[in-house]
Each structure stands twice: as C-alpha cells, then as structure tokens.
Amino acid sequence: MPRYNPAQIEPKWQAYWEERQTFRTPDLPTSKKLYVLDMFPYPSGDGLHVGHPEGYTATDIVSRYARMRGRCVLHPMGFDAFGLPAEEHAIRTNTPPRESTEKNIENFTRQLKMLGFSYDWNRVLATTDVEYFKWTQWIFLVLFDTWFDREQQKGRPIAELPIPEEIAAEGEAAVRRYQDRHRLAYQADALVNWCPALGTVLANEEVIDGKSERGGHDVVRIPLRQWMLRITAYADRLEKDLELLDWPEGVKKLQRDWIGRSTGAEVDFFLGDADAFEAWKSRRAETGFPEEPGEDVLRVYTTRPDTLFGATYMVIAPEHPFVPRLTTSEQKEAVESYCRKAASKSDRERTEGSKQKTGVFTGAYAVNPVSGQPIPIWIADYVLISYGTGAIMAVPAHDTRDFEFAQQFDLPIVAVVDPGESADVDREAVLAGQACFVGEGTAIHSGPYDGLPTREFKERITADLSDKGLARPAVHYKLRDWLFSRQRFWGEPFPILHELDDEGRPTGLLRPVPESDLPVDLPPLEDYKPHGRPEPPLEKAPESWLYVTLDGKRYRRETNTMPQWAGSCWYYLRFIDPRNDQRFVDAEKEKAWMPVDLYVGGAEHAVLHLLYARFWHKVLYDRGYVSTPEPFQKLVNQGMILGEMEYTTYQTGEGVYVSAADVEKSPEGQWQRRSDQVAVTPQRIEPDQVEKRGDRFVLKDHPEIEVESRAYKMSKSRGNVVNPDAIVRDYGADALRLYEMFMGPLEATKPWSMAGVHGVRNFLDRVWRLVIDEGAETMRLHPSFSEEPATDEQRRVLHKTIEAVTRDTEGMRFNTAIARMMEFVNYFTRQERRPREALEPFVLLLAPYAPHLAEELWQQLGHDESLSYEKWPEADPRWTRDETVEVPVQVLGKVRARVSVPADADPAALEEAARNEPRIARLLEGKQVVKVITVPGRLVNFVVR
RNA sequence: GCGAGAGUGGCGGAACUGGCAGACGCGCUGGAUUUAGGAUCCAGUGGCCGGAAGGCCGUGGGGGUUCGAAUCCCCCCUCUCGCACCA
C-alpha cells in the first residue's frame with residue numbers, strides 16, 4: 001500500500017541532499033548571484049517556535065525557485081547564541097553556558113534540518129564560536145581605531161585625527177586621552193539602567209516602562225563607567241541612506257523616528273545681573289558663539305527660535321550640572337529634595353502622572369537675549385538631561401508641556417504667535433494666554449519681527465542672533481550613543497587592556513589587544529553567580545587571564561562584555577567566507593556576494609538590530625573593508641503567528657454570565673464588570689457553545705451574553721504554543737511548510753488553525769494520488785498516468801497554472817500560488833488521462849513549496865537526479881489565453897447576463913453580442929440606451945433611461 | 001495622546017490598473033463507494049423572498065465621485081502593533 005508517508009520520504013530526501021551536498025554554494029557565484037538571508041535565531045532551550053519556519057520557509061521557497069531559474073544562491077543559517085537565558089541557566093546549574101548553548105544549537109539544527117530547508121550547512125556559524133567572535137572583537141578594534149570626521153561625514157583612522165597644538169604640547173599621554181575621547185568606541189561615565197535582579201546594566205531599549213524587558217524586574221539609574229559606540233555620529237547618514245533601500249515604509253519610518261532628527265537653534269541665556277547683560281552682549285558680538293558654553297550662560301536648544309520673545313521662564317533637568325551653582329540658599333533644601341526624588345524615580349514613574357507636572361524654582365534668573373528681561377530658572381523632570389542641552393527656554397503660550405507647567409506654577413504666559421482665524425483654534429484664548437497654540441502663524445509682541453510668518457521668522461532670528469554671537473543653527477537627534485557594555489559573563493570579551501602603574505592601579509590609558517593575540521577567549525569560572533555588585537562577573541576570572549604583560553608593561557583586561565547585538569551586527573558578512581582565518585571576510589568574495597538581496601525576519605527587529613548592523617556596516621565601509629554602503633537591500637517582515645482562535649466568557653463569583661462588552665480591566669489589571677466593578681473570571685469555552693448573532697458571538701444557551709472571540713499571542717503561560725516537532729510528526733514537514741505559507745499573506749498577523757494544517761495535508765495526499773497508484777501492492781504510477789500528449793484543455797490548465805504560480809512566487813504571494821496548485825490538482829484528479837507532459841511541470845512548480853514530496857514524485861516519474869536544479873517550467877502564451885471569454889453584460893451597473901465572445905472581440909462586436917442576448921434584449925426593449933460602456937474582454941454596460 | 005496597519009461568508013483568506021465580490025482551504029449539507037471509517041470520489045454551500053423562473057440586499061458605519069467602488073475622496077467606529085514629555 002504505497003500511501004503518502006512523509007515520515008519515510010522526508011528523512012530520505014534530507015539524507016540525499018546532505019550526502020550529495022546538493023545545496024553547497026561555491027565560494028564565488030558561478031552565475032547571477034542571489035543572497036537570501038534569514039534573521040538567525042537565538043537557540044533557546046524551548047526549541048523552534050512555529051514563528052521561525054514561517055520566514056524560513058518563505059526564504060527557502062525563494063531560494064529553491066531562484067536556483068531553478070539559474071541563479072547562484074547563497075542561503076545560509078546560523079545562531080545568535082550569546083545572551084541572558086544561557087547565562088541564567090549557567091547560574092542555576094553552575095555549568096558553563098557553552099554547554100547548554102551547544103546542546104540547544106544541536107536541537108535547533110536537528111529541527112531546521114527536519115524541515116528540509118536548503119541551507120548550505122557548510123557555512124553554519126554561531127556568534128559564540130571562538131573563531132567567529134575573534135572577528136567580532138576585531139571589528140570592535142576597528143571601531144576603536146576610528147574617529148568621525150564631521151566635515152567629510154566619514155569615519156577615518158584615529159592616526160589621522162588632527163591634534164590641537166595645546167594638547168600636543170602636553171605630551172603623549174594627553175594626546176592619547178584626546179584620541180580616546182574621539183574614538184567611535186569610547187568610555188564614559190554613563191547614568192545606566194542597573195537591574196539588581198538580573199545583575200546587569202541594560203540599554204535604554206531593553207527597559208520598558210521602567211522594568212527590564214526580560215523578566216520585568218525593577219531598574220534603577222546609577223552612574224557607571226561604560227563602553228559607548230558613537231552611533232550618533234552616523235545619525236545623518238543612517239537616516240538619509242534609508243532612501244536607497246527597498247524596505248517596508250513602516251520600518252523606514254520607525255528608524256527615522258528613532259533617529260529623530262530635528263533642526264533649530266542653540267541659544268545662550270546670560271546668567272547674571274541685568275546690568276551686566278549689555279556688556280556681555282558686546283563681548284559676544286566680538287568673540288562670536290563659543291563651541292562650548294561658558295559658566296556665565298545657560299545654553300538651550302529650541303526648534304522654535306521664533307518664540308523667543310514668549311520665553312517667560314527656563315527649565316533645566318534635575319541632573320543638569322548647573323543645578324548646585326544656580327540654586328540660591330533659600331531654595332537649597334527644596335531643590336535638593338526634588339532632585340533626590342527625581343533620581344530615585346524610574347522613567348516609568350516620571351512619565352506616569354504625565355498630566356501633573358512637577359518642578360522647583362532654583363531662585364536664579366537668566367536674561368532673555370532678545371528682550372533683556374530676567375526670567376526665572378526652574379528645575380523640572382519633564383526636561384531630559386539626555387536630549388539637547390538638558391535645558392530649555394519655556395514658551396508656555398506655544399508649547400503644551402510648558403503651558404501645563406506654567407499653569408501649575410502660575411508663571412506668565414505671553415502669546416507671540418497669532419494663529420489667525422481658524423475653525424479649530426480659539427484665537428482669543430490663545431492671544432489672552434488662556435490656551436496653548438503650537439502651530440505656525442504670524443509673529444506678535446516680538447519687537448522688530450512682528451508680522452513675520454513663523455518660518456521666515458525662524459530663519460531671520462537664527463541668522464541675526466548668530467551674527468551677534470548669541471545663537472547658532474543646530475541639529476539634534478533623539479538617537480543616543482549606544483551603550484555597548486554589559487556586566488555579564490556570556491558575551492564577547494572586549495579586546496582592550498587597561499594600563500597599570502607600578503602600584504597596580506589603572507592609569508586610565510588604554511591599549512587594544514594586538515590583532516595577533518585575538519581572540520580573547522572567555523576564561524573558565526568557578527561559578528557563575530552574580531555577586532550583586534554592578535561589576536562584571538569576569539572580575540572573578542583567574543589572575544592569569546585578568547593580567548597581561550606586554551612590552552614590559554602590566555595591563556588588566558577589560559572585564560565588561562559586549563551586548564547580544566554585537567554578534568548579529570555582521571554575521572551576514574561572515575556567511576560569505578565563514579572559515580577564513582586571515583580576514584573577517586575575503587574582499588573579493590564580499591564584493592561578489594554583497595549586498596544581501598532579501599532579508600526576512602520578525603518586525604521586532606525593525607529598529608535596533610537593523611540600525612546597529614547598518615551602523616557597523618557603514619563604519620566598515622568608511623574604512624574600506626566592505627564595498628556597499630548598506631547591507632540589506634530588500635527587507636520583508638513576516639507577520640506574527642498567533643495561537644488558535646479562542647472564545648471567552650466572563651462570570652461573576654456567583655456564576656452569573658457577564659457580556660464581554662460589559663467587562664473592563666481595573667487599574668490593578670483585574671477583570672471586572674463595568675457597571676459595578678464586581679470581579680469577573682474569564683473562562684475559555686469550546687466553539688460549539690457559541691453562535692454568531694449579527695456582528696457578534698453569543699452563547700448558544702444564553703444569546704443575550706456576548707462572547708469574546710480572538711486569537712492570542714502564543715505563550716507558555718497561556719498554553720497555546722504549537723510545537724513544530726509535533727506537526728512534523730503528525731502531518732509532515734511539507735505540510736507544515738505549506739500550511740504556514742497558505743495561512744495568508746507573509747506579512748500579516750494570523751491565527752494558527754489545526755484544521756488548516758489538516759487541509760493542506762489533504763492536498764498533499766491528493767497530489768500523491770494524482771501520480772501514484774495508492775491501491776497497488778507495490779509502488780507504481782497511477783493507472784491514469786499517460787505518455788500521450790495532453791489535450792488542449794489540459795494544456796490550458798497547465799500553462800495558466802505555470803503562469804500564475806510563477807507570478808505569485810516572484811511576488812512572494814505564496815498563499816495564492818498554493819491555491820493555484822490546488823486548482824490544478826482538483827482539475828487533473830478528475831481527468832481520466834493524466835499525461836506526463838502536465839504532471840512533470842507541476843511537480844517542478846510544487847518543488848520549492850513541498851520539496852520532499854516533489855523529489856519523491858520526480859523520482860517515481862523516472863528521474864534519477866534531484867530536481868533542485870531542473871529548469872523552472874515556462875508558460876507558453878499560446879495556452880494561457882482563452883479563445884473565447886465569457887463577458888458579463890450589465891444594465892445600469894447590474895449584471896443581467898453573460899455572453900461568450902472571442903477573446904479579441906472589439907467593442908462593436910461585444911455590444912452586438914450583448915444586444916443579441918435574449919434576456920438583455922428584453923430588458924432594453926422600450927428603453928432609451930443613453931450610453932454603452934464596453935471594456936474589451938471584460939464587460940458591457942448599458943446605461944438606459 | 002501621537003504614528004502605522006487592518007476591518008470582506010460560520011472560520012482562514014481571494015479579487016490585475018475602478019470592471020462578474022467571496023478564488024483556494026477549513027467547516028457544513030447531500031450523494032456515490034465501502035464490512036466499517038474521522039478514508040476516498042462527486043455535487044452543493046453569503047443573506048433574505050420565491051414552488052420555480054427570478055428578484056432584492058450584501059465587503060465595519062455614514063456620505064460623496066463614477067456608467068460602474070471591497071478598491072478612489074471626506075467623516076465616524078472598532079481592533080492590532082509601535083512610540084511615549086525628545087523642547
């Protein structure tokens with residue numbers, strides 16, 4: 001009984017591909033290249049999730065299709081294997097994280113191979129491979145060796161950094177410190193997010209609402225010496241070059257917003273007596289606007305220099321260095337208490353009561369440079385130390401935040417922009433200082449600038465104040481420098497040495513580990529437990545690792561490690577030349593394969609991973625190590641796969657049903673009845689207890705009770721996780737692949753459905769029976785199989801299928817491509833004669849989607865080579881066009897009949913045929929035909945009166 | 001609050017450039033076959049009225065443009081995902 005048995009044929013073909021190295025890619029492309037890349041997975045202990053094979057199947061189809069079209073395809077896979085879970089496991093079990101990591105990689109590899117992806121497994125790599133992170137460290141040293149030349153907008157070797165004379169005069173140590181301050185990789189005392197529970201510092205991006213993204217633990221802010229990467233230097237190019245990319249607009253916009261470029265002006269406000277103001281001004285007129293603000297001014301950044309005349313007070317961040325100096329003795333206590341509170345508050349708490357602004361007066365005043373008026377300086381946490389200059393001029397009439405603050409503390413509000421008459425602005429209230437207007441308008445109360453429109457005003461005043469040395473045009477970014485060190489064990493060690501003096505104390509001077517000494521491997525540790533202090537676990541490393549002597553000098557190794565992002569910043573380059581021990585990638589191979597033509601992965605990496613990788617790539621580009629300005633030409637985000645659809649009812653403690661529409665979440669996160677806040681419990685019910693009434697679902701037994709119906713994200717806690725191993729066991733890998741592609745568009749979020757898996761498995765069974773005689777004792781072709789030529793009708797079906805499947809595969813519309821193949825099978829299953837001429841091309845069309853089944857059928861059809869490099873079938877236009885078409889005939893836009901006409905019938909013939917159709921003739925009788933619309937091959941429409 | 005995306009049968013989803021709404025799959029109904037099957041094959045399946053022929057309604061809601069709108073424009077509603085005082 002030769003039934004379709006994926007459990008048998010799938011391992012068979014996987015072994016075949018592996019033994020014959022079917023998907024081994026040459027070092028250099030032998031025909032037009034195509035680089036198809038998946039976002040490589042983190043090998044967690046849970047194994048593959050059904051979300052992984054979604055993107056992986058899509059790229060596999062593209063790769064297999066491209067090979068059959070004669071392209072030379074690079075399609076690799078690897079593992080992003082550094083990271084917290086492995087380290088936490090190490091701490092729990094006191095085993096080296098490498099052990100569990102390697103076990104997980106093995107499991108992932110098994111699962112990936114079981115799905116039949118056509119990766120070149122010779123190129124597999126893990127970011128934790130010592131031979132891999134050797135080059136991650138090497139790239140770090142490139143960053144360390146690079147400074148950013150603003151004039152050329154380009155990263156250059158640190159040796160080319162011009163040294164100011166006064167620095168050079170101070171000697172070599174001063175020069176080295178000066179260079180260190182300009183490197184793309186530099187150290188800084190940063191206010192960091194220290195997470196005591198995880199025992200590490202987290203990047204801003206890893207802190208969500210004041211809690212750690214992983215685990216949801218509390219995070220506090222403490223200052224600590226950190227490695228930073230100067231990604232802000234590249235902000236402009238990272239933004240501009242998005243234009244070059246074939247990426248979803250949404251992702252580009254996310255990146256643009258993240259970079260957050262804004263233009264405006266930096267303005268200095270004089271700190272001192274109003275009498276000294278004029279003297280200061282004339283000094284400034286001579287010296288111009290200084291690079292660094294002195295102690296006698298408060299420098300602010302504003303995007304609305306046109307509202308300077310309306311600046312009635314100033315605000316500085318609680319962390320601003322001027323706080324102690326500006327605070328008067330009367331205000332000292334209040335200020336100190338306020339700043340203490342602000343420091344202890346997480347970002348979450350700061351933003352929580354965002355309606356309620358808090359702040360405290362310093363007691364000091366600054367002089368408004370345009371009006372000469374003294375205005376008070378306040379401290380408030382709505383001003384962030386990390387953006388702009390950490391200080392603002394407050395214009396309450398034209399900035400919502402300033403307006404709220406001014407109302408809270410009764411500060412003057414002076415309107416300086418007349419919004420004009422408009423339906424949605426209360427002009428009177430704005431002019432009276434009772435409402436806030438943030439739009440553009442016409443200047444008022446602005447001295448010589450009165451009457452200017454906002455835009456012109458901005459330019460004029462910026463230029464005027466620049467001439468007087470009071471301001472300068474400025475560009476700022478929301479993007480911050482990248483906090484690049486972690487206080488963890490399981491990451492790449494920094495290849496950096498700290499120089500020690502004779503007493504063994506650090507001198508503050510740095511030295512990169514010589515390239516010949518790379519890699520710096522991780523030392524073995526006695527235990528992996530965090531010691532609860534913010535210092536890294538590598539502090540516990542053996543002295544033999546920790547201390548190094550080079551050229552007679554003693555050094556201590558850097559003990560921070562790199563964040564997980566590091567390894568994924570350049571893996572796409574290493575895949576091109578994974579075993580090279582001389583270079584991170586061979587230049588010729590890099591040039592031949594880059595850029596990545598198609599990159600598919602989850603939308604969760606839309607900003608960080610992609611931005612970081614682009615940044616590294618640009619540095620490598622500037623330094624001449626790679627040939628393209630951007631790494632990933634085309635990007636596609638696969639949508640999330642949700643769990644199976646769930647129906648939920650809510651009941652009170654007494655068992656009374658509550659309609660889903662009447663249920664809300666309490667502030668504490670509990671479900672409750674909206675009307676009286678009585679607690680209710682959600683309960684999942686079976687679909688057969690539910691029916692549809694109108695546009696909602698209700699309980700069959702209680703139709704007045706509305707049921708909630710939706711699909712949830714898969715999670716262990718909800719228990720709706722689908723395991724790919726189980727699907728492959730029960731339905732086969734081809735069924736899993738096909739189902740994930742058939743669910744809907746690749747980019748869409750879609751719910752899982754076991755019934756749907758069953759459906760595609762059914763299709764694969766039908767494909768099998770189309771070719772194979774299932775009823776026979778031994779394996780043989782179906783009795784309907786024929787060597788005779790196909791009929792004209794069969795050819796039309798075949799060639800239309802080829803045309804549609806080709807078009808849809810090209811456009812990555814895999815769901816509709818599969819639908820077309822199903823139609824083919826439905827048609828040919830009904831055929832008494834199934835000619836080879838039709839079956840063979842069909843098997844080739846199916847091959848990228850269900851490669852195991854296709855290979856098996858191909859073999860049964862008498863071929864002894866894999867079909868992986870067979871020529872993709874071509875649609876013959878003679879058979880894709882019908883000779884006659886059925887065209888709908890409308891009267892007043894409603895379809896009333898259909899007529900069969902030659903496909904190339906001209907409008908007159910079409911109209912003629914339509915008028916002759918008996919039903920239409922009857923409808924037109926006695927009516928006046930005002931107009932006839934004919935679209936050849938599509939329709940006829942009579943407009944009658 | 002701001003931004004992006006999406007609302008089409010019982011369900012997942014199709015529909016080229018404005019031109020037959022519901023391809024394909026699931027489910028359901030009926031039939032054939034079978035010792036039996038949750039297997040296979042065939043047919044039907046948006047709603048309402050009707051015996052039928054046929055008619056009317058129908059792509060979240062309301063308006064508009066057009067001979068013709070799921071598709072274009074305006075207003076509103078709902079859901080999902082981002083962002084969260086960035087001066």
Side-chain angles (χ1 to χ4, degrees), chain A residues 3 208-209 248-251 253-254 257-258 260 262 264 300-304 307 315 347-348 350-351 354-355 357 380-384 386-395 398-402 404-405 476-480 603-604 606-607 639-640 642 645 687 690-692 695 697 709-711 713 739 742-745 747-760 762-763 765-766 769 774-775 807 813 815-823 826 829-830 886-895 897-898 919 930-935 937-944:
Chain A
R3 288 215 169 170
I208 311 286
D209 295 337
E249 273 315 308
V251 176
K253 190 168 185 311
L254 277 175
D257 290 352
W258 192 264
S262 79
V300 302
Y301 171 64
T302 177
T303 55
R304 291 294 299 270
T307 60
V315 186
D347 278 358
R348 165 69 169 183
R350 278 199 190 188
T351 52
S354 59
K355 280 159 236 135
K357 293 265 183 295
D381 63 8
Y382 81 91
V383 171
L384 309 176
S386 48
Y387 184 77
T389 60
I392 62 156
M393 65 174 206
V395 186
H398 305 293
D399 181 284
T400 326
R401 298 151 302 184
D402 297 344
E404 284 165 7
F405 190 82
H476 281 270
Y477 301 91
K478 289 206 297 195
L479 184 70
R480 308 288 151 78
E604 66 274 19
V607 180
M640 207 195 319
L642 304 174
M645 189 74 92
V690 171
E691 67 181 353
K692 188 135 187 188
D695 56 357
F697 286 91
S709 125
R710 57 170 291 197
K713 219 166 155 162
Y739 172 64
F742 189 59
M743 290 173 88
E747 297 89 339
T749 303
K750 39 210 177 276
W752 185 266
S753 151
M754 266 322 167
V757 183
H758 197 83
V760 294
N762 199 23
F763 163 68
D765 276 310
R766 282 165 66 81
R769 287 192 297 268
E774 203 179 55
R807 190 182 352 98
R813 290 180 297 271
N815 52 332
T816 48
I818 293 167
R820 299 312 295 261
M821 291 193 268
M822 288 174 167
E823 287 180 279
N826 289 344
T829 294
R830 285 191 302 265
E886 200 172 66
V887 169
V889 183
Q890 302 181 332
V891 177
L892 285 171
K894 280 189 205 287
V895 180
R898 286 165 232 279
R919 225 173 101 69
V930 184
K931 196 173 172 189
V932 184
I933 293 108
T934 53
V935 184
R938 300 220 63 111
L939 62 45
V940 184
N941 185 13
F942 292 98
V943 184
V944 298

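Letters A, B, ... are given to chains in the order of the sequence lines, protein chains preceding strands, and every chain is numbered from 1. Just so you know, these numbers use all the heavy atoms, side chains as well, and skip hydrogens, waters and symmetry mates.
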Can you tell me how far [atom2] of [N] sits from [atom1] of [X], to the nearest Å?
X       : N       : atom1 : atom2 : value
D257(A) : rA84(B) : CG    : P     : 11 Å
R813(A) : rA14(B) : CZ    : P     : 11 Å
K894(A) : rA21(B) : NZ    : C1'   : 14 Å
E774(A) : rC41(B) : CD    : C1'   : 12 Å
F742(A) : rA14(B) : CZ    : C1'   : 10 Å
D765(A) : rU40(B) : CG    : C1'   : 10 Å
L939(A) : rC67(B) : CG    : P     : 14 Å
E747(A) : rG5(B)  : CD    : C1'   : 12 Å

Given the [atom1] atoms of [N] and [M], what is the spacing between them in whole Å?
N       : M       : atom1 : value
rG62(B) : rC28(B) : C1'   : 35 Å
rG25(B) : rC75(B) : P     : 41 Å
rC81(B) : rC74(B) : P     : 27 Å
rC72(B) : rC16(B) : P     : 11 Å
rU40(B) : rC79(B) : P     : 41 Å
rU17(B) : rA53(B) : C1'   : 38 Å
rC67(B) : rG1(B)  : C1'   : 45 Å
rU78(B) : rG61(B) : P     : 15 Å

Between [X] and [N], does any side-chain N or O lie under 4.0 Å from OP1 or OP2?
X       : N       : value
R919(A) : rG55(B) : yes
R807(A) : rC16(B) : no
K750(A) : rG5(B)  : no
N941(A) : rU66(B) : no
N815(A) : rA14(B) : yes
R710(A) : rU80(B) : yes
N826(A) : rC42(B) : no
S262(A) : rA87(B) : yes

Can you figure out which of [options] approaches the side chain of [X] most closely?
X       : options                   : value
R766(A) : rC41(B), rC85(B), rC11(B) : rC41(B)
Y301(A) : rA23(B), rC85(B), rA87(B) : rA87(B)
Y382(A) : rC67(B), rC85(B), rA21(B) : rC85(B)
P745(A) : rA87(B), rA14(B), rC83(B) : rA14(B)
K253(A) : rC67(B), rA4(B), rC42(B)  : rA4(B)

In the structure I gave you, are the side-chain heavy atoms of [X] and [Y] within less than 4.5 Å of one another anywhere?
X       : Y       : answer
I933(A) : Q890(A) : no
V943(A) : V932(A) : no
R3(A)   : D765(A) : no

On a heavy-atom basis, which atom in D402(A) and which in A394(A) lie closest, and how many Å separate them?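 Minimum heavy-atom contact is OD2-CA, 3.3 Å.
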Atom of N815(A), atom of P745(A) and distance for their closest heavy-atom approach:
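What the structure gives for the nearest pair is ND2-N, 3.7 Å.
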Inset, instruction - For G744(A) and for R304(A), find the nucleotide of RNA chain B with the closest heavy atom, then tell me which residue's nucleotide is more 5'. - result: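 It is G744(A) whose nearest nucleotide is closer to the 5' end.
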Base, sugar-phosphate, or nothing for [X], non-hydrogen atoms under 4.0 angstrom?
X       : value
S753(A) : nothing
R820(A) : nothing
E886(A) : base
L254(A) : sugar-phosphate
N762(A) : sugar-phosphate

Record whether the side chain of R938(A) comes under 3.5 Å of the base of rC16(B) through a donor-acceptor pair of N or O atoms.
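Check passes, donor-acceptor contact within cut-off.
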| request: Could you tell me how the ring of Y382(A) sits relative to the ring of F405(A): parallel (under 30°), tilted (30 to 60°) or perpendicular (over 60°)? | output: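 It falls in the tilted class, 30° to 60°.
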Q.
Tell me whether the rings of Y387(A) and Y301(A) are parallel (<30°), tilted (30 to 60°) or perpendicular (>60°).
A.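 The arrangement is perpendicular - the two ring planes meet at more than 60°.
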Checking Y739(A) side chain against M754(A) main chain: does a donor-acceptor pair fall under 3.5 Å?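 No; zero donor-acceptor contacts below 3.5 Å.
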- Syn versus anti for rG61(B), judged by chi lying within 90° of 0?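 Here rG61(B) takes the anti form, which means its glycosidic angle is more than 90° from 0.
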